[in-house]
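One structure is given here, and the rest of the page talks about it.
Everything numeric in this text was worked out from a predicted model, so none of it was measured. In the text below, chain A, chain B and the rest are named by the order of the sequence lines, each starting its count at 1.
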Amino acid sequence: LAFLLARSLSSAQLATVPQPARKVLDQLHPAHDQPPARLDLPGQVADEPTSARRAKMATADSLRARKDQIVAQFHEHADLVRDVQRQAIAEVLPALRDEEGFDEAAIAAGEALLRDRGACSPPPGPILHGAADLSPGSRAR
Amino acid sequence: VTVFRFCRRARFSPSASLKLLHATVHWRLTSSLQYLSPTTIDPLYLDQPLFFFHPDLVDRFGRPCAVLNLRHVKRTDDGSLDALKDYARLGWEIGRRYLTDLSRQAADKGDPKLQIVVIVDLEGAGMSNLVRTASPTPSCALRGCR
């Protein structure tokens, strides 16, 4: 994981990584911005079995290809996803209410998940930003 | 974004996606995930930053990064890991919501945020920390996010 990160973070962004983590990255891959020694073809990465993917060395290009493919799938399957979302709200939630006897508050929480509501505003404390002081000498480092 | 991740995991099969969503919503409601908040978490895990996101910490592709400091993996005074499991569940849930927020904000630019990077900091972590970390965690909270 650290190796993949070393490949995917730019130098400026790497500077914000806590010192202990950065030391690990430096040991694993000192030249973060060097071109990768091996390039995976973009199409090869995403649809291969997980075991085959793990056996390969990830590169910045392969990580970018994987990320771009997921974004492309997001746009390509937008209609299908909306249909599944509508169907889940119409069928899954009533089924759970009937089968498990969940109350309206629980069903509302399930609907919030399916509709992507209830997001992080205001920020919910220390796990998001709060205790994460990345300055030198902070405990986060 | 949440439903998309489940659809992707199900290889965009609507029936398989609905099964996954059914199982996940059932798990979330029976585990009372919606009632977890920083105020319900043992301060042991909040005083020392075991797991956190930071808005400045993104990779070169703009994906948000979380940091997991394994040296801060500890048992509570009663010797159990229950509080740690709650913390892990809350952490991933906040990650899901954070990703949803970022994706919504970036939607106009056509570059939704669909993945999270987790940096695992091993410095100062012993084998006991690793064993504790291997205890069951609700990976389904972010299922399909990898």
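- Sparse packing is recorded around CG of B/D77, with 12 or fewer heavy atoms of other residues, nucleotides or ligands lying under 6.0 Å away.
- Contact tally against chain B (heavy-atom pairs below 4.5 Å) for A/R82, A/R64, A/Q85: the top residue is A/R64.
- Residue A/F74 touches chain B through both its backbone and its side chain, counting heavy-atom pairs closer than 4.5 Å.
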Start with the C-alpha gap between A/K67 and B/D111, add the side-chain angles, then the distance that decides, and say whether salt bridge (charged side-chain N to carboxylate O under 4.0 Å, His left out) holds. CA-CA 10 Å; A/K67 183 252 184 187; B/D111 184 26; 3.0 Å; yes

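- With hydrogens and angles ignored, the 3.5 Å screen pairs no side-chain donor or acceptor of B/T40 with any backbone N or O of B/L36.
- Heavy atoms closer than 4.5 Å to chain B are found in both the backbone and the side chain of A/Q87.
- For the pair A/D116 (side chain) and B/V1 (backbone), a donor-acceptor distance under 3.5 Å is present.
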